[in-house]
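Residue numbering restarts at 1 for every chain, and letters A, B, ... go by the order of the sequence lines. These numbers come from the heavy atoms of this one structure, side chains and all, not from hydrogens, waters or symmetry mates.
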Protein chains: 2
Amino acid sequence: MPDTGPGRDWTDPACPVARTVDLVGDRWSLLIVRDAMDGPASFTELRQGLGIARNILSDRLRRLVEHGVLSTSPSGKRHVYELTAAGKDLFTAIVALRQWGERHAFADGEPRSHLLDAEGRPVVELRPHGQDGTPLTADTTRVQKSGRDR
Amino acid sequence: MPDTGPGRDWTDPACPVARTVDLVGDRWSLLIVRDAMDGPASFTELRQGLGIARNILSDRLRRLVEHGVLSTSPSGKRHVYELTAAGKDLFTAIVALRQWGERHAFADGEPRSHLLDAEGRPVVELRPHGQDGTPLTADTTRVQKSGRDR
DNA sequence: TCCATTCGGTTTCAAAATGAAACCATTGAA
DNA sequence: TTCAATGGTTTCATTTTGAAACCGAATGGA
């Protein structure tokens with residue numbers, strides 16, 4: 001596990017939301033990961049697809065590799081960036097953000113892209129559930145602090 | 001719907017992921033929303049809970065209100081910030097980020113908070129599904145561009 | 001073989017965002 | 001009526017971002 005121990009200073013060390021935001025919660029990282037979901041990508045492919053400045057892309061790729069979200073060919077050669085298992089696992093979070101955007105960030109009739117399954121049908125909307133299958137909201141859940149510290 | 005039409009310039013206008021990131025994808029916004037999930041909160045409560053600078057909090061609250069994520073008392077009085085329906089709907093996305101963080105951003109044994117349902121059981125892990133119930137990944141889905149433009 | 005081009009960056013520098021601290025106008029309680 | 005707390009805004013230094021120029025190592029074509 002890369003760089004999760006002490007030494008790094010988290011916005012809120014015990015909160016998994018804050019840690020995730022610390023790692024990928026900037027203007028570009030999640031979009032890089034989104035594009036990498038389509039398969040391994042080169043520096044220039046990512047740069048052109050995103051319209052990101054070279055130095056920023058360079059920095060973000062380094063960070064994402066350091067944090068175990070992307071991997072890249074061993075060294076020195078023509079690099080190709082590819083999602084690790086942890087990176088691929090961001091799929092769910094990206095889908096959640098996408099679905100929120102679809103519901104709340106488009107005016108009626110504005111053109112948008114759609115996420116479809118292999119048969120061309122839209123992906124079902126994500127919803128948190130309890131273990132008995134009941135849908136959950138913020139009102140029906142609570143955050144239990146870390147155990148040791150309270 | 002606040003501020004989604006032309007006039008605003010999006011990182012990637014047709015992509016719901018990019019729009020969501022444009023609206024709440026900075027270092028603080030999602031954490032403000034996370035804290036607001038516990039119920040209406042005042043400026044100072046949020047500030048103390050997050051350790052955010054006053055001017056930045058002020059700016060983020062203004063943005064979140066403008067974008068319809070938070071609401072606040074009509075004007076001039078002691079403000080209380082409260083999630084709108086769109087804000088509450090970010091619950092799913094925050095849970096997805098939380099669960100990714102739990103899986104990938106903690107070393108073994110590091111203390112962390114947990115999200116529990118009303119009976120104190122952990123929330124089930126989110127997973128995208130197709131309409132026939134099959135689990136989906138990036139490899140078994142595709143993004144269809146906006147229709148009009150290709 | 002030479003030359004041009006592409007790739008994957010780094011460096012430089014200006015502009016924008018962030019954050020700490022000071023300041024200020026209301027509110028409400030003593 | 002004074003005093004402290006709230007909910008900010010302003011100021012200014014530091015950090016981050018981004019555009020552009022630069023650079024060395026591979027390709028690739030004549």
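- Remark: P of C/dA20 and CZ of B/Arg47 are 10 Å apart, rounded to the nearest angstrom.
- In terms of the salt bridge (Lys or Arg N to Asp or Glu O under 4.0 Å) criterion, residue partners of A/Asp89 (sequence neighbours excluded) are, by chain and number, B/Arg103.
- Residues B/Leu136 and B/His129 are not in side-chain contact: their nearest non-hydrogen atoms beyond the backbone lie 4.5 Å or more apart.
- Rounded to an integer number of Å, the gap from CZ of A/Phe43 to C1' of C/dT10 is 10 Å.
- Contact check of residues 27-37 of chain A against DNA chain D (heavy atom, cut-off under 4.0 Å) returns A/Trp28.
- Distance, B/Leu57 CG to C/dA20 C1': 15 Å, rounded to whole Å.
- Atoms CD1 (A/Ile56) and P (C/dG8) sit 18 Å apart, rounded to a whole Å.
- The hydrophobic clustering, which links ILVMFWY residues whose side-chain heavy atoms are closer than 4.5 Å, places A/Val124 and B/Leu126 apart.
- Counting heavy atoms from C-beta outward, A/Leu61 and A/Thr72 have side chains that stay 4.5 Å or more apart.
- If you measure from atom CG of B/Asp26 to atom P of D/dT17, you get 12 Å, rounded to the nearest angstrom.
- One atom, CG of B/Leu50, and another, C1' of C/dG19, lie 14 Å apart when rounded to the nearest Å.
- Using a 4.0 Å cut-off, some side-chain N or O of A/Arg62 falls inside it from OP1 or OP2 of C/dT10.
- The list of ring-ring contact (aromatic ring centres under 6.0 Å, His included) pairs with a residue in residues 82-101 of chain A, not counting sequence neighbours, reads A/Trp100-A/His104.
- You'll find the side chain of A/Arg98 stays beyond 4.5 Å of the side chain of A/Arg112, heavy atoms only.
- Between the CD atom of B/Gln48 and the P atom of C/dA20 there is a distance of 15 Å, rounded to whole Å.
- In this structure A/Thr11 satisfies the side chain to side chain donor-acceptor pair (under 3.5 Å) test together with A/Asp22, sequence neighbours excluded.
- Between A/Tyr81 and C/dG9 there is a side-chain polar atom (N or O) within less than 4.0 angstrom of OP1 or OP2.
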Under 4.0 Å protein heavy-atom contacts per nucleotide of nucleotides 11-16 of chain D, with B for base, S for backbone only and - for none
B-----

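- In this structure, A/Ala53 and B/Leu61 both approach DNA chain D, and ranking their closest nucleotides by distance from the 5' end singles out B/Leu61.
- For A/His79, the listed nucleotide lying nearest its side chain is C/dG9; candidates were D/dG7, D/dT17, C/dG9.
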Can I get a per-line list of side-chain donor-acceptor pairs under 3.5 Å for residues 33-57 of chain A, giving both atom names and the distance, sequence neighbours left out?
{"unit_1": "A/Arg34", "atom_1": "NH1", "unit_2": "B/Asp12", "atom_2": "OD2", "d": "3.4"}
{"unit_1": "A/Ser42", "atom_1": "OG", "unit_2": "A/Glu45", "atom_2": "N", "d": "3.2"}
{"unit_1": "A/Glu45", "atom_1": "OE1", "unit_2": "A/Ser42", "atom_2": "N", "d": "2.9"}

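- Residue B/Arg63 has no polar side-chain atom (N or O) positioned under 4.0 Å from OP1 or OP2 of C/dA17.
- Distance, B/Ile52 CD1 to C/dG19 C1': 10 Å, rounded to whole Å.
- Which of C/dT10, D/dG7, D/dA19 sits closest to the side chain of A/Ser58 comes down to C/dT10.
- In this structure, the side chains of B/Ile32 and B/Leu64 come closer than 4.5 Å at one or more pairs of heavy atoms.
- With D/dA21, D/dT17, C/dA20 as the choices, the nucleotide that has an atom nearest any side-chain atom of A/Arg54 turns out to be D/dA21.
- B/Ile94 and B/Leu116 are not part of a single hydrophobic cluster, where members link through side-chain heavy atoms under 4.5 Å apart.
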